[in-house]
Asks: 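This structure is in structure tokens; I'll ask about it shortly.
This one's a predicted model, so the numbers in the text were calculated from it and none came from an experiment. Both counts, for ligands and for their atoms, begin at 1 and track the order of listing.
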Amino acid sequence: MGRFVAILMGSSSDRDVMKRAEEELAEFGVEFETNVLSAHRKPEALVAYIKDASSRGAGVFICAAGMAAALPGVTAAHTSKPVVGVPIASGGLGGLDSLLAIVQMPPGVPVATVAVNGARNAALLAVQILASGDEDLAKRFEEFKRRQAES
Ligand code: RP5
């Protein structure tokens, strides 16, 4: 596997939303792998995975979590790769809880946060990040923008 996108989510209950990110990456022919690893429930396994994926060629991490959403921030703490955070609307607060938890990172540890349940934009942002070092992918993204404008 060359450069790939590592998709992480805090619970299998986040899968339905995150399918949209997988579909979008597949549309662009971008390789990805998906794992369920909670920052709160499986902290050691999460850190081991982040380090392993970073060394295997993960170019971007997409991390989705709901409620007290620590996953994107913890991932950003353990890798120097860019992290895109997807707040999931899974608790009683409709996703505002996870949005604030993910977007309010301290200076020095950025997480690029998309909209609540914004899995598709997370994938598009990951494609754009990878495309900065991949001319073919950059052309496919430009073509996507053209088609989107036309439709
Ligand atoms: C978060 O808590 C997960 O990302 C999920 O959105 C939420 C609820 O998890 P489950 O109780 O459904 O496993 O950590």
Asks: Working to the nearest 0.5 angstrom, can you tell me the gap between Ile62 CD1 and Ile7 CD1?
Replies: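 That separation rounds to 5.0 Å.
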Asks: Any non-hydrogen atom of Arg41 lying under 4.0 Å from ligand 1?
Replies: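 The answer is yes, since Arg41 has a heavy atom less than 4.0 Å from ligand 1.
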Asks: Start with the C-alpha distance between Val127 and Glu24, add both sets of side-chain angles, then the distance that settles side chain to side chain contact (heavy atoms under 4.5 Å, CB included), and finish with yes or no.
Replies: CA-CA 9 Å; Val127 168; Glu24 198 63 46; 5.9 Å; no
Asks: Picking from Arg140, Arg146, Lys139, Lys145, what satisfies side chain to side chain donor-acceptor pair (under 3.5 Å) with Glu143?
Replies: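 Among Arg140, Arg146, Lys139, Lys145, the one that satisfies the side chain to side chain donor-acceptor pair (under 3.5 Å) with Glu143 is Arg146.
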Asks: Just to be sure I'm reading this right: ignoring hydrogens, which of Ser11, Ser38, Pro87 gets closest to atom 10 (P) of ligand 1? Compare them by their nearest heavy atoms.
Replies: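 Heavy atom nearest to atom 10 (P) of ligand 1 belongs to Ser11.
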Asks: Going by heavy atoms in the side chains, are Leu8 and Leu46 under 4.5 Å from each other?
Replies: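 Of all side-chain heavy-atom pairs linking Leu46 with Leu8, at least one is under 4.5 Å.
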Asks: Kindly indicate, with the supporting measurements, whether the criterion salt bridge (Lys or Arg N to Asp or Glu O under 4.0 Å) is fulfilled by Arg147 and Glu150.
Replies: CA-CA 5 Å; Arg147 283 201 312 269; Glu150 278 165 12; over 6 Å; no
Asks: Closest non-hydrogen protein atom to atom 4 (O) of ligand 1, residue and atom name please, with distance?
Replies: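 Minimum-distance protein heavy atom for atom 4 (O) of ligand 1 reads Asp14 OD2, 2.6 Å.
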Asks: How far is atom 7 (C) of ligand 1 from its nearest protein heavy atom, and which residue and atom is that?
Replies: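 Looking at atom 7 (C) of ligand 1, the protein heavy atom closest to it is Ser90 OG, 3.5 Å.
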Asks: In terms of atom number and element, which parts of ligand 1 are under 4.0 angstrom from non-hydrogen atoms of Ala65?
Replies: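 Answer, ordered by atom number: 4 (O).
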Asks: To which protein heavy atom is atom 12 (O) of ligand 1 closest, and what is the distance rounded to 0.1 Å?
Replies: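 Scanning the protein heavy atoms, the shortest distance from atom 12 (O) of ligand 1 goes to Ser13 OG, 2.7 Å.
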Asks: Hey, could you give me the CG/CZ distance between Leu130 and Phe28, rounded to the nearest 0.5 Å?
Replies: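 It comes to 11.5 Å.
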Asks: Looking only at protein heavy atoms, which one is nearest to atom 1 (C) of ligand 1, and what is the separation?
Replies: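 For atom 1 (C) of ligand 1, the nearest protein heavy atom is Gly66 O, 3.4 Å.
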Asks: For Met67, is at least one N or O under 3.5 Å away from an N or O on ligand 1?
Replies: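 Between Met67 and ligand 1, no N or O pair is found under 3.5 Å apart.
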